[in-house]
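In listed order, ligands and their atoms are each counted from 1. Treat the numbers as computed from the prediction; the structure is a model and nothing was measured.
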Amino acid sequence: MSADSLNIQKNVDLSAYNSFGLKAIAERFVTAHSLENLRNILTYEKPRLILGGGSNMLLVNDLNGLVIHNTIKEKRLIAEDEDFVWLRFGAGENWHECVIFSIENGWGGIENLSLIPGTMGAAPIQNIGAYGVELKDVFDSLDAVRIEDNTLHTFSSNDCQFGYRNSVFKQALKGKYIITSVVLKLRKHPVLNMKYGAIKQTIESLGLEEINIKSISDAVIHIRQSKLPDPKVIGNAGSFFKNPIITKIHFEKLEKQFPNIVHYPVDDQHVKVPAGWLIDQAGWKGKQVGQTGTHKNQALVLVNHGHATGEEIYAHAQRIQADILKVYDIKLEMEVNLIA
Ligand code: FAD
Ligand code: EPU
């Protein structure tokens, strides 16, 4: 295979390919539109970066080597029984379009994950989650090509080692596989999930008559649009840090100092604390520093005010991390993938 026949482009500006809108030049850039095409590309060159929708990455530098933009498309019912359907989606499908497709067919399970930006293929990487549901709840399996030897492998849910904003693809297998398709198991008779109180309230306030997967999706979309900045208007990558999980002992100490601290139980010995609350209370919410800062409605979302560089956003993230460590003795872990 030659670079010409694969249509490899040179010196491509990635500004339009990442939701922070950061300028970074890819030395070489190619689109993989099918499994076969991807495997041909891999015989030519191994990638420096796999790019989906670019909505969970911080590009800090220009990139030497090859960026592969995954656009593999497929939406197919592959099996069904009385209660479930198994759907195979290409890794390059837009996540939200797959949610809408499922809702239109009456299949339940991912309606709470409406409007999450990005691609199907990136969804397992951090086990996307929102409003009481995570990808792992509907995940059946995925196919991925091992970069090292161009072989195709199937991963079960166990193989993926899903956790909160985590999977084996962010740990031991980081950078080793390219996900090409994902199979989801959805319900023909949906079980509605309204653990998140705001969903029911929003359905009522929007005057939606029935509670079903469509109205849950509409409510989630409404809530998200009221809280989270639209990357088309202001560059961001959603939550920049994970919500930290701390010990109960640590939490009880903090509670004495900060009686209003928001928290959620995890198990007998741990609680989760919203990073947005910590950053907000430490005085960073809506604060602009140069071209970056935190969003005025959501302190957990770092933003690009127009001309920020990746380095500038990263430096700001480190300032926030240092401050949160000082104030609460909590180490915030980045959720966004640092591409440096
Ligand atoms: P990219 O940013 O392109 O890639 C992310 C990482 O995965 C990179 O390391 C990349 O190399 C790797 N990767 C991508 N595709 C593949 C592939 N096919 N094979 C192997 N590796 C791959 N996330 C949530 O979980 N919940 C939310 O509620 C949420 N809300 C958000 C709101 C906003 C406004 C934004 C901007 C982001 C939000 N996110 C949320 C984060 C983001 O939408 C998800 O992480 C999403 O899955 C990223 O998809 P992507 O295609 O854009 O991934
Ligand atoms: N809060 C503040 N100030 C802020 C932001 C939040 O006090 O500036 C408080 C809120 O009042 C609330 C708590 O913190 O009591 C949690 O806030 P929110 O409900 O907005 O959710 P979050 O914990 O900030 C998480 C996910 C989101 C997901 C939502 C809904 C993480 C890191 N983030 O956000 O995911 O959409 O819950 O389920 O787990 C993402 O991963 O990019 C993302 C957006």
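Considering both main-chain and side-chain atoms, I179 comes within under 3.5 Å of ligand 1 through a nitrogen or oxygen pair. For the pair I125 and ligand 1, the shortest N or O to N or O distance does not fall below 3.5 Å. Looking at ligand 1, you won't find any N or O of N127 less than 3.5 Å from one of its N or O atoms. For a threshold of 3.5 Å applied to N or O pairs, the pair formed by I50 and ligand 1 contains at least one separation below that value. Residue G129 has at least one nitrogen or oxygen atom sitting less than 3.5 Å from a nitrogen or oxygen atom of ligand 1, judged on distance alone. Checked by distance only, ligand 1 and E335 stay at 3.5 Å or farther apart across all their nitrogen or oxygen atoms.
Within 6.0 Å of the NZ atom in K331, the count of heavy atoms belonging to other residues, nucleotides or ligands does not exceed 12. Annotation for K214: atom NZ does not count as buried by contact number, only 12 or fewer foreign heavy atoms lying within 6.0 Å. Atom NZ of K46 is surrounded by more than 12 heavy atoms from other residues, nucleotides or ligands within 6.0 Å.
Near E335, the atoms of ligand 2 lying under 4.0 angstrom from a non-hydrogen atom of the residue are 32 (C), 40 (C), 41 (O), 42 (O). Proximity to A237 (heavy-atom distance under 4.0 Å) selects the following atoms of ligand 1: 35 (C), 36 (C), 37 (C). Within the listing of ligand 1, atoms 27 (C), 28 (O), 29 (C), 30 (N), 31 (C), 32 (C) sit less than 4.0 angstrom from a heavy atom of R224. Which parts of ligand 2 touch N243 is read off a 4.0 Å heavy-atom cut-off, strictly below it: atoms 23 (O), 31 (C), 32 (C), 39 (O). Listed by number with element, the atoms of ligand 1 under 4.0 angstrom from any heavy atom of G54 are 1 (P), 2 (O), 3 (O), 50 (P), 52 (O). Residue K285 has at least one heavy-atom neighbour below 4.0 Å for each of these atoms of ligand 2: 3 (N), 4 (C), 8 (O). Each of the atoms 28 (O) of ligand 1 lies under 4.0 Å from some heavy atom of A130. Below 4.0 Å from some heavy atom of N70 lie the following atoms of ligand 1, by number and element: 18 (N). Atoms of ligand 2 found under 4.0 Å from any heavy atom of Y264 (numbered from 1 in listed order, with element): 13 (C), 16 (C). Short contacts between ligand 2 and G238, defined as distances under 4.0 Å to a heavy atom of the residue, involve ligand atoms 42 (O). Remark: ligand 1 atoms within the under-4.0 Å shell around heavy atoms of G118 are 49 (O), 50 (P), 51 (O), 52 (O). The contact set between ligand 2 and R224, taken as ligand atoms under 4.0 Å from a residue heavy atom, comprises 36 (O). If you number the atoms of ligand 2 from 1 as listed, the ones under 4.0 Å from a heavy atom of F241 come out as 32 (C). Residue L49 has at least one heavy-atom neighbour below 4.0 Å for each of these atoms of ligand 1: 11 (O). Those atoms of ligand 2 that come under 4.0 Å of a heavy atom in Y164, given as number and element, are 31 (C), 32 (C), 39 (O). Ligand-side atoms of ligand 1 in range of I178: 19 (N), 20 (C), range being under 4.0 angstrom from any heavy atom.
Between the CD atom of E252 and the CD1 atom of I246 there is a distance of 10.0 Å, given to the nearest 0.5 Å. In this structure, CD in Q321 is found 4.5 Å from CZ in F241, a value given to the nearest 0.5 Å. With rounding to the nearest 0.5 Å, the separation of CD in E333 from CD1 in I245 is 9.5 Å.
Protein heavy atom in closest approach to atom 49 (O) of ligand 1: A122 CB, 3.3 Å. From the protein, the heavy atom lying nearest to atom 2 (O) of ligand 1 is N56 N, 2.8 Å. Remark: minimum distance from atom 5 (C) of ligand 1 to any protein heavy atom is reached at N337 ND2, 3.7 Å. At the top of the distance list for atom 8 (O) of ligand 2, counting protein heavy atoms only, stands A299 N, 2.8 Å. Nearest protein heavy-atom contact of atom 47 (O) of ligand 1 is I128 CG2, 3.3 Å. For atom 9 (C) of ligand 2, the closest non-hydrogen atom of the protein is W277 CB, 4.1 Å. With hydrogens left out, the protein atom closest to atom 34 (C) of ligand 1 is N236 OD1, 3.4 Å, a heavy atom. Scanning the protein for heavy atoms near atom 45 (O) of ligand 1, the closest one is Q126 NE2, 3.0 Å. Scanning the protein heavy atoms around atom 43 (O) of ligand 1, the nearest turns out to be P117 O, 2.8 Å. Among protein heavy atoms, the minimum distance from atom 18 (P) of ligand 2 is reached at K227 NZ, 3.6 Å. Scanning the protein for heavy atoms near atom 15 (O) of ligand 2, the closest one is V262 CG1, 3.7 Å. When only non-hydrogen protein atoms are considered, atom 43 (C) of ligand 2 lies nearest to S239 OG, 3.0 Å. Given atom 38 (O) of ligand 2, the protein heavy atom at minimum distance is Y131 N, 2.8 Å. For atom 3 (N) of ligand 2, the nearest non-hydrogen atom of the protein is D280 OD2, 2.7 Å. The nearest heavy-atom contact from the protein to atom 4 (O) of ligand 1 is M57 CE, 3.7 Å.
Here Q298 has heavy atoms under 4.0 Å from ligand 2 in both its backbone and its side chain. Contacts between P274 and ligand 2, counted as non-hydrogen atom pairs separated by less than 4.0 Å, involve the side chain only.
Ligand 1 lies nowhere less than 4.0 angstrom from a heavy atom belonging to K170. The shortest heavy-atom distance from R165 to ligand 2 is under 4.0 Å. Residue contacts with ligand 1 include P229, since one or more of its heavy atoms lies under 4.0 Å from the ligand. Within the 4.0 Å heavy-atom cutoff, W284 does not count among the residues contacting ligand 2. Residue contacts with ligand 2 include Y196, since one of its heavy atoms falls under 4.0 Å from the ligand. Residue contacts with ligand 1 include Y177, since one of its heavy atoms falls under 4.0 Å from the ligand.
H305 contributes no side-chain N or O that, together with a main-chain N or O of Q291, makes up a donor-acceptor pair within less than 3.5 Å.
Proximity of N112 to I199: side-chain heavy atoms (C-beta onward) are separated by under 4.5 Å at one or more points. Contact check for R88 versus D143: side-chain heavy atoms found under the 4.5 Å cut-off. Side-chain contact between L49 and L59 is present, with heavy atoms from C-beta onward closer than 4.5 Å. Contact annotation: the side chain of L51 approaches that of M57 to within less than 4.5 Å [non-hydrogen atoms, C-beta and beyond]. Taking 4.5 Å as the limit, some side-chain heavy atom of I279 sits within range of a side-chain heavy atom of L332.
Sorted by first and then second residue, the pairs that involve residues 159-170 and meet side chain to side chain donor-acceptor pair (under 3.5 Å), not counting sequence neighbours, are S156-D159, R165-E335, N166-Q171.
Between H69 and F29, the ring planes lie tilted relative to each other; the angle falls in the 30° to 60° range. Between F162 and F139, the ring planes lie perpendicular to each other; the angle is over 60°, past the 30° to 60° tilted range.
Under a 4.0 Å N-O distance rule, the pair D323/R319 does not qualify as a salt bridge.
Counting only heavy atoms, the protein gets under 4.0 Å from atom 5 (C) of ligand 2.
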